[in-house]
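Structure record follows, encoded as structure tokens.
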Amino acid sequence: MAAVPELAEAASLHAAIRAAAPGSKGWLPAWSPGPGALPHALPSAGLRLADGFAGRRTVYGYRPAPVPEHTLAALLAAAAAPLPTDTPDRKGSPALQLAGVVQRVPTVATGAHVYDPVGHALVPTRPADAVRAMIGAAKSPMLADECRTATATLAPCGDLRTGIERFGDRWYRTRNIEAGALAQRIALAAAAAGLESHVHCDFDPDHAAAALGLGPGALKPLVVVTVGPGSPRHSDPQLPLRGLA
């Protein structure tokens with residue numbers, strides 16, 4: 001295996017993840033809100049993910065305009081519906097948590113939240129300075145610009161380590177697969193709601209976790225999806241840089 005560089009790198013990655021896994025074969029505690037966090041109940045709203053197929057696309061910027069609360073509520077409810085999985089999870093501890101930084105939604109406090117799909121509510125985790133913190137977690141000017149103008153920067157979050165000893169490498173692989181599926185559902189829900197989206201991996205996971213107010217636990221953002229009203233004046237800000245290379 002060492003004779004093939006790609007396989008050697010993969011083997012090193014697997015070994016590093018195993019080495020970082022907790023020694024216990026049990027579960028880490030599920031994420032729970034901090035003391036005093038009051039959930040913000042969202043209005044009942046629904047949409048069909050299938051209605052987003054025709055309009056699903058990637059954009060490179062947003063128009064910083066208000067978005068109605070019922071639109072955000074419908075998007076979150078549709079995107080975060082349960083995903084089928086063959087990896088058993090502890091009851092009450094879902095495979096993924098959907099967190100995000102929200103701004104310019106009337107009646108919803110600007111800041112970071114975790115979406116509670118059972119209660120259909122947003123649980124606040126960090127105040128308005130989360131917007132600037134998420135911008136700081138971006139590793140590209142494109143994502144930083146989108147975090148400034150997007151209605152929501154949503155992040156499927158999971159724990160890549162806890163189940164390694166119990167399920168092996170399949171644990172973190174399935175978590176990433178599920179995160180990708182949730183990211184695509186967010187994009188489809190955005191399109192069905194008349195919004196645009198962009199899926200990103202160009203961010204610092206630890207800084208993004210801090211921006212989202214997730215605390216020091218094992219829960220980390222696995223992918224980021226920006227969502228908001230499209231802006232026809234925006235194009236990929238990295239294209240001019242490539243032209244100068």
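Computed over heavy atoms, backbone and side chain alike; hydrogens, waters and symmetry mates excluded.
Closest approach of Ala74 and Gly46 over heavy atoms only: CB-N, 4.0 Å. The two atoms that bring Met134 and Thr153 nearest to each other are CG-CG2, 4.0 Å, heavy atoms only. Glu69 approaches Thr107 most closely through the heavy-atom pair OE1-OG1, 2.6 Å. Nearest heavy atoms, Gly52 versus Ala191: O-CB, 3.4 Å. Between Ala79 and Leu182, the shortest heavy-atom distance links the atoms O-CD1, 3.0 Å. The two residues Ala80 and Pro117 come nearest to each other via the heavy atoms O-CB, 4.3 Å.
Once rounded to the nearest 0.5 Å, the distance linking CD of Gln184 with CG of Leu49 reads 11.0 Å. Thr151 contributes atom OG1, which lies 6.5 Å from atom CZ of Arg104 (distance to the nearest 0.5 angstrom). Taking CG from Asp129 and OG1 from Thr110, the interatomic distance works out to 11.5 Å, rounded to the nearest 0.5 Å. Interatomic distance, Leu219 CG to Leu214 CG, rounded to the nearest 0.5 Å: 5.5 Å. Atom CG in Leu222 sits 12.0 Å away from atom CD1 in Ile177 (nearest 0.5 Å). Atom-to-atom distance recorded for His200:NE2 and Met142:CE is 5.0 Å, nearest 0.5 angstrom.
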TODO: Test side chain to side chain contact (heavy atoms under 4.5 Å, CB included) on Leu75 and Leu154 and set out the steps.
DONE: CA-CA 11 Å; Leu75 186 158; Leu154 300 175; 3.9 Å; yes
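Two different hydrophobic clusters hold Val131 and Phe203 under the rule that ILVMFWY side chains link at heavy-atom gaps under 4.5 Å. Val224 and Val227 sit in two unconnected hydrophobic clusters of ILVMFWY residues. Membership requires side-chain heavy atoms under 4.5 Å apart, directly or through other members. The hydrophobic clustering, which links ILVMFWY residues whose side-chain heavy atoms are closer than 4.5 Å, places Leu72 and Leu47 apart.
Partner of Cys157 under the side chain to side chain contact (heavy atoms under 4.5 Å, CB included) criterion, chosen from Leu98, Leu96, Leu212: Leu212.
Listed by chain and number, the residues in a side-chain hydrogen bond (donor to acceptor under 3.5 Å, both in side chains) with Glu196 are Arg57 (sequence neighbours excluded). Partners of Ala112 according to the side chain to side chain contact (heavy atoms under 4.5 Å, CB included) rule, which considers only residues two or more places apart in sequence or in another chain, are Val101, Thr125, Arg126, Ala130. Contacts of Val223 classified as side chain to side chain contact (heavy atoms under 4.5 Å, CB included), with partners at least two apart in sequence or in another chain: Pro156, Ala179, Ala183, Val199, Cys201.
Checked by atom type and distance alone, the side chain of His120 pairs as donor or acceptor with a backbone atom of Pro43 at under 3.5 Å. Put simply, the side chain of His198 gets close to the backbone of Val59: a donor and an acceptor are under 3.5 Å apart. One N or O on the side chain of Gln103 and one on the backbone of Ala150 form a donor-acceptor pair closer than 3.5 Å.
A 4.5 Å side-chain heavy-atom check between Leu122 and Leu76 finds at least one atom pair inside the cut-off. Counting heavy atoms from C-beta outward, Leu160 and Lys220 have side chains that stay 4.5 Å or more apart. Between Leu195 and Tyr62 the shortest side-chain heavy-atom distance does not fall below 4.5 Å.
Atom NE2 of His40 has more than 12 neighbouring heavy atoms from other residues, nucleotides or ligands inside a 6.0 Å radius.
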